[in-house]
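These notes are about the structure you will find just below.
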Amino acid sequence: MRILLVEDEQPLAKYVATGLRKHGFAVDLAFDGRTALEKCDVTPYDVVVLDRDLPVLHGDAVCRQLAERGTSRILMLTASGAVEDRVDGLMLGADDYLGKPFAFSELIARVTALSRRSTPARPPVLRAAGVTLDPARRTAERDGRPLYLTPKEFGVLEQLLAADGDVVSAETLLDKVWDEHADPFTNAVRITIGTLRRKLAEPPLIETVTSAGYRISTCART
């Protein structure tokens with residue numbers, strides 16, 4: 001899942017981004033409101049974690065514009081825990097609201113919950129061909145056998161299972177699982193698919209569709 005974290009306190013932003021990445025999220029950073037909108041013009045983020053008090057362009061204006069686009073879920077952050085501030089944020093179009101300081105586990109839980117509100121709605125646990133993947137608990141298994149996946153392997157498998165048999169291009173996987181620093185000409189997706197296939201073992205689960213991408217095998221889903 002691809003997240004944009006918008007926070008003007010750069011040490012805090014980098015700390016939070018590091019924590020999110022350790023939980024398998026692809027995270028881009030913006031330190032002011034205008035840059036946030038520019039990044040959203042280029043990338044359809046799953047979730048935007050948005051500080052309210054931003055320089056250049058206030059978080060309220062960013063929230064309003066993103067809500068009008070309707071392409072990303074918005075989790076608004078603020079140092080104020082007053083009810084009026086929470087109501088204001090939600091009325092601007094935020095999907096959820098979290099006051100500072102916050103427990104990191106709560107941030108992870110709220111971001112994960114927002115990702116399930118995508119269109120079409122994503123089930124909390126993904127299953128196919130004996131594979132069970134729980135994004136909230138960051139666990140995966142096949143036929144009761146735990147799968148010890150790297151964050152990128154987990155992210156790729158999550159995207160393929162969520163597609164429910166539809167083809168997912170390598171470009172989409174790179175966009176959703178890696179971040180803005182990923183080289184578009186890298187072989188990272190192909191290599192990750194290869195290691196993921198080995199860990200999933202038999203019968204084959206991931207099918208390559210020539211010149212199109214990858215999908216969960218039709219045979220595996222029946």
Side-chain angles (χ1 to χ4, degrees), residues 1-126 134-138 151 155 158 162 175-177 179-180:
M1 181 169 60
R2 190 79 172 265
I3 296 173
L4 177 63
L5 174 61
V6 192
E7 168 62 64
D8 65 311
E9 295 182 30
Q10 295 192 26
L12 174 62
K14 292 174 182 178
Y15 170 78
V16 173
T18 298
L20 288 169
R21 289 173 183 139
K22 286 181 179 178
H23 281 77
F25 300 111
V27 184
D28 295 342
L29 290 172
F31 303 121
D32 64 77
R34 183 173 298 162
T35 302
L37 288 179
E38 290 171 353
K39 287 179 180 283
C40 289
D41 286 338
V42 176
T43 303
Y45 292 99
D46 298 292
V47 178
V48 175
V49 180
L50 178 67
D51 185 42
R52 190 170 187 184
D53 189 17
L54 293 171
V56 185
L57 185 64
H58 196 273
D60 288 358
V62 177
C63 183
R64 189 180 296 108
Q65 292 190 46
L66 292 179
E68 289 173 354
R69 299 179 188 184
T71 55
S72 304
R73 298 297 180 183
I74 304 166
L75 173 59
M76 185 171 277
L77 303 177
T78 182
S80 174
V83 173
E84 294 81 3
D85 290 302
R86 294 198 297 271
V87 171
D88 286 346
L90 295 172
M91 292 299 290
L92 286 166
D95 297 281
D96 201 357
Y97 201 96
L98 185 59
K100 297 178 182 178
F102 51 81
F104 201 85
S105 58
E106 183 177 6
L107 174 65
I108 295 295
R110 288 179 181 270
V111 167
T112 303
L114 285 177
S115 73
R116 294 200 298 266
R117 299 186 196 174
S118 58
T119 304
R122 178 185 296 188
V125 178
L126 303 170
D134 188 334
R137 292 183 172 84
R138 305 299 297 176
E158 181 181 3
D175 184 64
K176 291 291 188 182
V177 182
D179 60 25
E180 62 187 344

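This one's a predicted model, so the numbers in the text were calculated from it and none came from an experiment.
- Between the NE2 atom of H58 and the CZ atom of R64 there is a distance of 10.0 Å, given to the nearest 0.5 Å.
- With rounding to the nearest 0.5 angstrom, the CG atom of L50 is 7.0 Å from the CD1 atom of I74.
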Determine whether L66 and T71 satisfy the following criterion, side chain to side chain contact (heavy atoms under 4.5 Å, CB included), listing intermediate values before the conclusion. CA-CA 7 Å; L66 292 179; T71 55; 5.8 Å; no

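- We find the CG-OG distance between L4 and S72 to be 8.0 Å, quoted to the nearest 0.5 Å.
- Nearest approach of M76 to A94, heavy atoms of both residues: CB-CB, 4.1 Å.
- Of the residues listed (D46, D179, D28), the one engaging R2 in a side-chain hydrogen bond (donor to acceptor under 3.5 Å, both in side chains) is D28, and it is the only one.
- Among all heavy-atom pairs drawn from C40 and V48, the shortest one is SG-CG2, 4.1 Å.
- Of all heavy-atom pairs spanning A30 and K39, the tightest one is CB-CD, 4.1 Å.
- Ring geometry, H23 versus F104: the interplanar angle falls from 30° to 60°, so the pair is classed tilted.
- Nearest approach of A67 to G93, heavy atoms of both residues: CB-CA, 3.7 Å.
- Under the salt bridge (charged side-chain N to carboxylate O under 4.0 Å, His left out) criterion, D96 pairs with R110, sequence neighbours left out.
- Listed by chain and residue number, Q10, L29, F31 satisfy the side-chain contact (heavy atoms from CB on, under 4.5 Å) test with K14 (two or more places apart in sequence, or in another chain).
- When all heavy atoms are compared, the tightest approach of L107 to V16 is CD2-CG1, 3.7 Å.
- With values rounded to the nearest 0.5 angstrom, M1 atom CE is found 8.0 Å from L114 atom CG.
- Separating the CG atom in L92 from the CD atom in Q65 is a distance of 11.5 Å, to the nearest 0.5 Å.
- For D53, there are no salt bridge (charged side-chain N to carboxylate O under 4.0 Å, His left out) partners two or more places apart in sequence or in a different chain.
- For the pair T35/L57, no side-chain contact is recorded, criterion being any heavy-atom separation below 4.5 Å from C-beta on.
- Shown here are the salt bridge (charged side-chain N to carboxylate O under 4.0 Å, His left out) partners of R69, two or more places apart in sequence or in another chain: D41.
- Among the candidates V47, T112, V49, V177, the single residue satisfying the side chain to side chain contact (heavy atoms under 4.5 Å, CB included) test with F25 is T112.
- Atom OG1 of T43 sits about 7.5 Å away from atom CD of E180, to the nearest 0.5 Å.
- Residues P44 and K176 come closest through the heavy atom pair O-NZ, 3.6 Å.
- Evaluation of the side-chain contact (heavy atoms from CB on, under 4.5 Å) rule for P55 yields D8, D32 as partners, not counting sequence neighbours.
- For the salt bridge (charged side-chain N to carboxylate O under 4.0 Å, His left out) test, no residue two or more places apart in sequence or in another chain qualifies with E9.
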